[in-house]
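Everything below concerns the one structure shown next.
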Amino acid sequence: MPADRLKSLEKRTRYDPHEVEGRVFARWEEAGIFHPEPEGSAGENYSIAVPPPNVTGVLHMGHALNGSIQDACIRLARMRGRRTKWIFGTDHAGIGTQVKVEEALAADGVTKEDLGREKFEERVWRWREEHGSLITEQYKRLGASLDYEDERFTMDEAYARAVLEVFVRLHEKGVVYRDNYMVNWDPGTRSAISDLEVEQKQVEDSLYLVDYPLESGSGSLTIATVRPETILADTAIAVNPADDRYSRLIGETAILPLVGRRLEVIADEYVDPEFGTGALKITPGHDPNDFEIGRSHGLEEISVIGEDGRLTDAAPERFRGMPVDEARKAVVAALREEGLVSGTQPYVHDVPHSHRSGMRIEPLISLQWFCDMTELARPAIEVVEEGKVRFHPDSPWTGVYLRWLREIRPWCISRQLWWGHQIPAWYRGDEVHVGMEPPDGDGWERDPDVLDTWFSSALWPFATLGWPEDTPEYGAFYPTDVLSTARDIIFLWVARMVMFGIEFTGEPPFTDVPIHSVIQAPDGRRMSKSLGTGIDPLDEIESHGADALRFGLLAMSSTQDVRYSPQRVKQGEDLANKLWNASRLILLGAAEDASPSAAAAETIEDRWIVSRLERTTREASELLDGFHFSPAALRLYEVFWSEICDWYLELAKPRLYSGDNAGVSAVLLHALERVLVLLHPVMPFATEEIWSYLPGERGLLAVAPWPEPDESLLDTEAERQLGQVIEAVTELRSYRDAVGAKASADIPGRLHADGYDDASRGQIARLARFSFMPEEHENGDVLATLPIPGGAVQVLPSEAFDPEEGEKKLTAKRDQLRGEIERGEKKLANKGFVQKAPPEVVEEERRKLEEYRRALERLGS
RNA sequence: GGGCGCGUAGCUCAGUGGGAGAGCGCUCGCCUCACACGCGAGAGGUCGCUGGUUCGAACCCAGCCGCGCCCACCA
């Protein structure tokens, strides 16, 4: 490296992410290390498929956290020398994208119907061209080492073929079928949606009591309903067979008000005699429960509410065409006119709403495509039970996953949209053709519906790699290793990927599923644009740097939801800066020809830091391998900041600045090199930048080898000895502070303690700013005796402080020691403790008690 | 209705059987030749409440009080 390059560090006392990040990222891209050649087997290689962001989306905190997690995994694997691919791509996001484009059209006063389907789809593709690259650039800003050269999109031709092939094959197996069935109709998007896209919301309604006259003329039956407009589609009345009030009426007939239809009174266990009047109107066309009851009793299914949310021709003429809300009022008014409403009461209950449009779900019977999940679920349950797919943390997510799969229900997969994978089914009269290609002959019409976006997402880990073709990419990278996500899409996506992966490839698509926090706004609310609670990761990168955001997100995240913590990001920013400055100290101070070497350790502190680095290496590897990202980040922070900076660098300075600095330079460089390596998965930019200043010819840190901990470098004795030095220095500093000693003045004293070599004694004196007299030195009274490990320091009089001030400190210290002694004695006097506690615990108690007694003795009373 | 989780320092959160931790904030002292985005020294918590198990409980068990999430077909 040119000497002036190193020299340039002298004045750069701040780490500047802006100056560094773009440049470093360009080096990675130019080196092509994010794009692996498709060689070797998936077992040797390492891959992760990114949860595809919506094509029109922008990076939010969830992406940023998950990106930080996945990138840490990917970078770790890459440094371990594995061929590594982080599969990149975007999702067409059916409804979301269609709605956005429709909104844009609306601004010009155009509807999609004005354009027609073909033109509309063109419009969406153009939209994608214009907006699709945004999130790619944002991932790059984060430092994500995705394989950008091999980007996929769920509407790409090859991917789309895979989707249709899956549909066709499942149809051949009879798993996918078309049926008239009760669906969740979303009047907002005018489409059916799946159960998972429905959310329950509490709603205040009125419960109406309505009298249905009996045909026999002997009175009436009173039912309770919150949806009087659906009365028009009633086809029976049900009562509990064990309900004495009504059992005699079973088999009788009631007359449906306003309509005049004859309704049989049927018996069904489902009816709760305690609720309402104990008599339930049955509306198979507009209520999921009634639908089930209706089917089991063979009742007629009448639909009075259409897909447009208005009453159909099946309703009496005066109500036809009315929107549901209006129809409700009209029906109630009509019933009142006939004197059939015998009461109303306010009623609060949960009502299904569309997750997408927010509108109240209209349950209705509709001809839709469904996917029966029971056969697919079985092996997906097994692989998790057998530990072939593991959730992290295991609890509660394994249980959550299994419970859902064990009670899985059919999945409505058709959507009444234009943007998506159009269902490969053609109809001609009663004929149905399902296949990859249109049928021969005239008069066939293709099903206008598209597939649920999650249907195509379920193929993501293998369709991105070229399945169903046996491509080199598929061979080299499938199955993938890790799937990282938040808990909200375990059912929507994770479980379905496992099911489809096993069904079509014979193998689960990944092995480890870390489930990370959902990041909430600092005030505990959901982070959301509409609430104004969102924090833009790009803003955070702009003001603190990508490394800072990555560190902060990893440090604040855990297994449960967390509030966004700006302090953690600040901590990351400070860490990057500290790293930068410690590096300047080492790089500018090290001997010119020095290179990193643990073997160069010559003093206790050298051996100590070398040993600590090996332990830290082991710890960091274990924590990252166990998907414990927050402890890993915080542990590395602590070791670097406290052990390396606060202690080792300070201990090393005298030798570094002496003429004989070869050994210490080598150890300092070793420590720096190791820290950069260990921190790289978390803070890739700053570490890569500093790495380029290390001596010697070296490639990118991003592909530098991740170290295996070297047991032979562990040095328990050095760790013990330096631990004593640290304790002694801290004790003496504390005294200095208590007596108000001038910061610049040394305090004279005498060191009487065992277990310190001359070098350590010198270090203690220097760091604590004491000057130790020779033991035989006589210089007036001893003002205080300060216990340190292995002995004590006698404080001698000086100008540096007022000894009176020290008395308070010493008294407090004595009190503290007496307290400790009392506690220890009490514990050891407890026979139960001595007899039942593990011997090493008792022994440790005894040792500590002795130590405290000796310390108190030295302190005097 | 069922299930899961949370309640620890002023704030945000770790810790899951043997003496209460981090970052930020706060107090005091320092521009000590890497860093004032810094250095040193501190203050601050009966670990939601009540019982129980244990020689020993923030940690295990039960109940209670608050808060949250997921699932669910009582009109």
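Here is how names work: the chains are called A, B, and so on, in the same order as the sequence lines, proteins then strands, and each is numbered from 1.
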Tell me which nucleotide, if any, is Watson-Crick or G-U wobble paired with rC69(B) when both distances must be under 3.5 Å. rG3(B)
Would you say rC74(B) has OP1 or OP2 under 4.0 Å from some side-chain N or O of H349(A)? no
Ignoring the backbone of R769(A), work out which of rU32(B), rA75(B), rC73(B) is nearest its side chain. rU32(B)
Among rG23(B), rA41(B), rG18(B), which nucleotide sits nearest the side chain of R568(A)? rG23(B)
Counting only side-chain heavy atoms from C-beta out, which of rC74(B), rA34(B), rC55(B) sits nearest to N830(A)? rC55(B)
Pick the nucleotide of RNA chain B nearest each of R403(A) and E845(A); which residue has the one closer to the 5' end? R403(A)
Please determine whether a side-chain nitrogen of the Lys or Arg among K848(A) and E845(A) lies less than 4.0 Å from a carboxylate oxygen of the Asp or Glu. yes
Counting heavy atoms from C-beta on, name the nucleotide in rG18(B), rC24(B), rC74(B) closest to the side chain of Q567(A). rC24(B)
Whole-Å C1' distance, rG52(B) and rG1(B): 30 Å
Electrostatic pair R245(A):D243(A) at N-O distance under 4.0 angstrom: yes
For the pair E840(A) and R847(A), find out whether any cationic side-chain nitrogen is under 4.0 Å from an anionic carboxylate oxygen. no
Between rG10(B) and rU27(B) - P atom distance, rounded Å: 16 Å
Looking at the base of rA72(B), is there any donor atom on it, or on the side chain of D350(A), that sits under 3.5 Å from an acceptor on the other one? yes
Which nucleotide, rC28(B), rC69(B), rA34(B), lies nearest any side-chain atom of R487(A)? rC69(B)
Same-atom distance (P) from rA41(B) to rC47(B), integer angstrom: 28 Å
Is any side-chain N or O of R563(A) closer than 4.0 Å to OP1 or OP2 of rU12(B)? yes
Given rC55(B), rC71(B), rC35(B), identify the nucleotide with an atom nearest to the side chain of F491(A). rC71(B)
Could you tell me whether the side chains of S194(A) and E197(A) share a donor-acceptor contact shorter than 3.5 Å? yes
rA34(B) phosphate, OP1 or OP2, under 4.0 Å from W641(A) side-chain N/O: no
Any side-chain N or O of Y637(A) under 4.0 Å from OP1/OP2 of rA22(B)? no
Of the nucleotides rA34(B), rA75(B), rC4(B), which one has an atom closest to the side chain of C645(A)? rA34(B)
Under-4.0 Å side-chain N/O to phosphate OP1/OP2 contact, R12(A) with rC35(B): no
Distance check, P atoms only: rG17(B) and rC59(B), in whole angstrom units. 11 Å
So, OP1 or OP2 of rA34(B): does either fall under 4.0 Å of a side-chain N or O from K653(A)? yes
Among the nucleotides rC73(B), rA34(B), rC55(B), whichever has the atom closest to the side chain of K836(A) is rC55(B)
Could you check whether any side-chain heavy atom of R766(A) comes within less than 4.5 Å of a side-chain heavy atom of V729(A), counting everything from C-beta outward? no
Test T283(A) against D234(A) for side chain to side chain donor-acceptor pair (under 3.5 Å), laying out the working first. CA-CA 4 Å; T283(A) 320; D234(A) 285 1; 2.7 Å; yes
Across all strands, who's sitting opposite rC31(B) as a Watson-Crick or G-U wobble pair, both distances under 3.5 Å? none
Would you mind pulling out the nucleotide paired to rC64(B), Watson-Crick or G-U wobble, both distances under 3.5 Å? rG48(B)
Checking base pairs now: Watson-Crick or wobble, both atom distances under 3.5 Å. What partners rG21(B)? rC13(B)
Strictly by Watson-Crick or wobble contacts shorter than 3.5 Å, is anything paired with rC37(B), and which nucleotide is it? none
Determine the contact category for R409(A): base if any of its heavy atoms lies under 4.0 Å from a base atom, sugar-phosphate if only primed atoms, P, OP1 or OP2 are that close, otherwise nothing. sugar-phosphate
Under 4.0 Å between a side-chain N or O of Y735(A) and OP1 or OP2 of rG29(B)? no
What integer number of Å spans the P atoms of rU50(B) and rC30(B)? 46 Å
Please state the C1' separation for the pair rU54(B) and rC39(B) - nearest whole angstrom. 46 Å
Roughly how many Å apart are rC61(B) and rC4(B), using the P atom of each and rounding to a whole number? 12 Å
Roughly how far apart, to the nearest Å, are rG7(B) and rC49(B) at atom P? 13 Å
Quick one: on RNA chain B, does Y347(A) or E573(A) contact a more 5' nucleotide (nearest heavy atom)? E573(A)
For K578(A) and rA36(B), is the shortest distance between a side-chain N/O and OP1 or OP2 below 4.0 Å? no
Counting side-chain heavy atoms from CB outward, which of rC13(B), rA75(B), rG18(B) is closest to S558(A)? rC13(B)
Determine, for K281(A) against D287(A), whether the closest basic-nitrogen to carboxylate-oxygen distance falls under 4.0 angstrom. no
Are any of the side-chain nitrogens in D574(A) or K570(A) under 4.0 Å away from the carboxylate oxygens of its partner? yes
Phosphate-side-chain proximity, S734(A) and rG42(B), N/O vs OP1/OP2 below 4.0 Å: yes
Looking at rG29(B), does its base get a donor-acceptor pair with the side chain of D737(A) below 3.5 Å? no
For Q560(A) and rG68(B), is the shortest distance between a side-chain N/O and OP1 or OP2 below 4.0 Å? no
Any T13(A) side-chain N or O less than 4.0 Å from OP1/OP2 of rA34(B): no
Nearest to the side chain of R14(A), which nucleotide is it out of rA36(B), rC13(B), rA75(B)? rA36(B)
